[in-house]
There are 2 protein chains.
Amino acid sequence: MRPENNPAGRNPRSFIETARRAQIIASAIEVIAEHGFAGASLARIAKHAGISKGVISYHFTGKDELMKEVVSQVYADTVRYILASMEGQETATALLRTQIIAGARHMREHRAQIKALGEIFSNLRLPDGRPRYGVAASEELFQSLENIYRLGQQSGEFRPFDVRVMAVSHSAAVDNMFAYWSAHPEHDLEAHARELADLFEHAVGAKTRS
Amino acid sequence: MRPENNPAGRNPRSFIETARRAQIIASAIEVIAEHGFAGASLARIAKHAGISKGVISYHFTGKDELMKEVVSQVYADTVRYILASMEGQETATALLRTQIIAGARHMREHRAQIKALGEIFSNLRLPDGRPRYGVAASEELFQSLENIYRLGQQSGEFRPFDVRVMAVSHSAAVDNMFAYWSAHPEHDLEAHARELADLFEHAVGAKTRS
DNA sequence: TTAGCTTTTGACCATGCGGCCAGAAAATAA
DNA sequence: TTATTTTCTGGCCGCATGGTCAAAAGCTAA
């Protein structure tokens with residue numbers, strides 16, 4: 001008998017259940033980061049974790065739930081870290097710079113997680129074949145970036161421009177900073193982040209610092 | 001007996017051979033664009049083209065050759081079009097703007113091709129599991145973008161900045177312009193491209209046009 | 001110790017994959 | 001026409017996949 005899902009009712013997870021789920025999620029992240037989404041079979045994930053394949057089916061309803069769990073966990077971690085870094089920043093210029101630099105710092109410490117997140121985002125599909133997380137899934141991120149840009153425009157720090165295009169480009173540049181660093185590990189990620197912050201400060205027409 | 005490969009020696013392709021290869025490549029592009037790389041099986045590509053699966057094996061040595069053929073064909077088309085558009089432009093600022101706007105124009109007319117190219121680029125793997133086209137495959141593109149940026153710096157049009165970071169970000173912003181438009185077909189691609197050109201003109205510190 | 005519940009194993013299943021091939025069909029040459 | 005080569009079909013192969021299950025093992029409480 002497998003532990004039923006827990007929709008609001010009783011049924012707390014046992015100690016073993018909690019530990020196994022965490023272990024399996026961690027193993028999935030590592031395997032996806034190393035072999036890509038298509039190379040991450042349940043068999044490989046189980047072998048990497050040193051357990052039998054059936055254990056995954058026992059603790060998760062299917063591969064789909066496992067992938068969704070990886071996404072929500074890594075995504076929540078990332079958002080939490082970046083938002084915490086931005087706390088206390090006042091000007092839009094400072095928020096912009098912090099968003100980029102904190103993102104880079106987080107990438108540096110969680111390379112496999114971010115890699116896995118990207119793989120799942122661009123490869124996981126619904127049963128009917130449509131992407132589960134498409135560009136549409138970034139809507140929330142776009143809106144929070146737009147808030148920063150709109151703030152800067154209202155305060156007069158930034159020139160007028162289309163905030164949606166700026167947000168999409170910002171998000172793209174940060175994602176690709178990660179991809180580039182991922183392919184060139186000797187690349188200086190922090191320097192790239194600082195340069196990217198400069199790039200966007202100029203792009204928005206902010207008063208150049210110093 | 002299948003037509004042998006043609007390494008420098010005689011053996012021109014027959015009329016049928018040429019037509020079939022083109023048909024299969026076109027079918028592959030459409031299927032990949034619609035179902036994604038993982039959803040593009042030989043069976044589906046054949047069915048979409050209205051032919052038997054064996055025909056693909058007859059005209060191509062394998063799926064790998066078919067994918068490589070799609071890439072080299074679409075890639076060459078794209079590069080040719082953009083370079084032709086840039087011909088005659090003198091200033092780095094004009095080259096920069098043209099590169100972005102011509103890219104958008106080409107995307108608009110070749111949506112499926114560009115989509116398929118991206119899918120293959122990020123999913124096709126070598127037999128050992130490593131990506132066939134990684135970020136490393138963009139090196140050529142990065143260098144030609146860097147040439148534009150360096151030109152602008154030498155002419156005094158552009159401020160000093162790291163040309164590699166600028167090139168990577170530029171490439172990322174253009175790619176994501178496509179992805180965003182692909183997910184939101186009602187989005188105004190041309191307007192996005194103009195806005196993006198403005199963004200980078202400001203980013204490089206070019207004298208703002210009137 | 002014993003009984004009952006949870007967890008794990010490893011074999012098994014149906015499905016879809018890329019690739020292969022014998023023979024049919026079609027095009028071309030004699 | 002007939003003979004030869006090119007092209008195509010449809011079935012088959014071995015393999016990997018995600019998922020299932022009966023039985024074994026482990027754990028906890030009486």
Side-chain angles (χ1 to χ4, degrees), chain A residues 1-6 10-24 27-28 31-32 35-70 120 123-129 132, chain B residues 1-6 10-24 27-28 31-32 35-70 120 123-129 132:
Chain A
M1 187 136 309
R2 66 174 47 125
E4 299 183 2
N5 265 359
N6 190 1
R10 291 279 114 225
N11 201 355
R13 289 210 170 99
S14 74
F15 174 77
I16 288 179
E17 172 85 359
T18 305
R20 274 280 188 246
R21 285 179 66 101
Q23 178 198 23
I24 292 166
S27 178
V31 171
I32 295 170
H35 300 284
F37 182 84
S41 63
L42 291 185
R44 186 128 52 175
I45 292 169
K47 188 174 182 184
H48 183 82
I51 58 178
S52 166
K53 202 179 50 156
V55 185
I56 299 181
S57 296
Y58 179 74
H59 291 284
F60 295 88
T61 51
K63 195 180 187 180
D64 206 68
E65 193 209 344
L66 173 55
M67 294 297 129
K68 278 164 63 180
E69 211 58 32
V70 169
I120 297 174
N123 285 304
L124 190 63
R125 307 238 159 190
L126 294 164
D128 63 21
R132 179 177 291 274
Chain B
M1 188 137 309
R2 65 174 49 124
E4 300 184 0
N5 264 357
N6 189 1
R10 290 283 112 220
N11 201 354
R13 290 211 169 98
S14 73
F15 174 77
I16 289 179
E17 172 84 359
T18 306
R20 274 279 188 247
R21 284 179 65 100
Q23 177 197 24
I24 292 166
S27 178
V31 172
I32 294 171
H35 300 283
F37 183 84
S41 63
L42 292 183
R44 186 126 56 172
I45 292 169
K47 188 174 183 183
H48 183 82
I51 58 179
S52 165
K53 202 178 51 155
V55 187
I56 299 180
S57 297
Y58 178 74
H59 291 285
F60 295 87
T61 51
K63 194 179 188 182
D64 206 68
E65 194 208 344
L66 173 55
M67 294 297 129
K68 278 163 65 179
E69 212 58 34
V70 170
I120 297 174
N123 285 304
L124 190 63
R125 307 240 159 189
L126 295 163
D128 64 21
R132 178 178 293 274

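In what follows, every chain begins at residue 1, and chains take the letters A, B, ... in the order their sequences are listed. FYI, side chains are in, hydrogens and waters are out, and symmetry mates aren't considered; it's all heavy atoms of this structure. If you're wondering where the values come from, they're calculated on a predicted model, not measured in any experiment.
Rounded to whole angstrom, the span from the CD1 atom of A/I51 across to the P atom of D/dG26 amounts to 17 Å. Rounded to an integer number of Å, the gap from B/R13 CZ to D/dT5 P is 22 Å. Atom C1' of nucleotide C/dC17 and atom NE2 of B/H35 are separated by 16 Å, given to the nearest angstrom. We find that CZ of A/F60 is positioned 15 Å from C1' of C/dT7, with the value rounded to whole Å. Summarising the geometry, the separation between NZ on B/K63 and P on D/dC15 is reported as 19 Å, rounded to the nearest angstrom. Separating the CG atom of B/L42 from the C1' atom of D/dT9 is a distance of 16 Å, rounded to the nearest angstrom. A/I56 places its CD1 atom 18 Å from the P atom of D/dC21, with the value rounded to the nearest Å. For the pair B/I24 CD1 and D/dC8 C1', the computed distance is 11 Å after rounding to whole Å.
For B/S57, the listed nucleotide lying nearest its side chain is C/dC20; candidates were C/dC20, C/dT8, D/dT7. Closest to the side chain of A/V55, from the set D/dG10, C/dG10, C/dT8, is C/dT8. Taking every side-chain heavy atom of B/K53 into account, C/dG18 is the closest of D/dT9, C/dG18, D/dG18.
Applying the side-chain contact (heavy atoms from CB on, under 4.5 Å) rule to B/R20 yields the partners B/I16, B/Q23, B/I51, B/V55, B/H59; only residues at least two apart in sequence or on another chain are considered.
In summary, of the residues considered (A/L42, A/L66, A/V70), a side chain to side chain contact (heavy atoms under 4.5 Å, CB included) with A/I24 occurs for A/L66 alone.
Heavy-atom distances to DNA chain D give each of A/G39 and A/G54 a nearest nucleotide, and the one nearer the 5′ end belongs to A/G39.
Contact check for A/D64 versus A/L124: side-chain heavy atoms found under the 4.5 Å cut-off. Contact check for A/I32 versus A/M67: side-chain heavy atoms found under the 4.5 Å cut-off.
Within the structure, every side-chain polar atom (N or O) of B/H59 is placed at least 4.0 Å from both OP1 and OP2 of D/dT6. Proximity of A/R20 to the phosphate of C/dT6: no side-chain N or O atom is located under 4.0 Å from OP1 or OP2. For A/S41, a side-chain nitrogen or oxygen approaches OP1 or OP2 of D/dT17 to under 4.0 Å. Between B/Y58 and D/dC8 there is no side-chain polar atom (N or O) within less than 4.0 angstrom of OP1 or OP2.
Of the possible donor and acceptor atoms, one in the side chain of B/E65 sits under 3.5 Å from a partner among the backbone N and O of B/T61.
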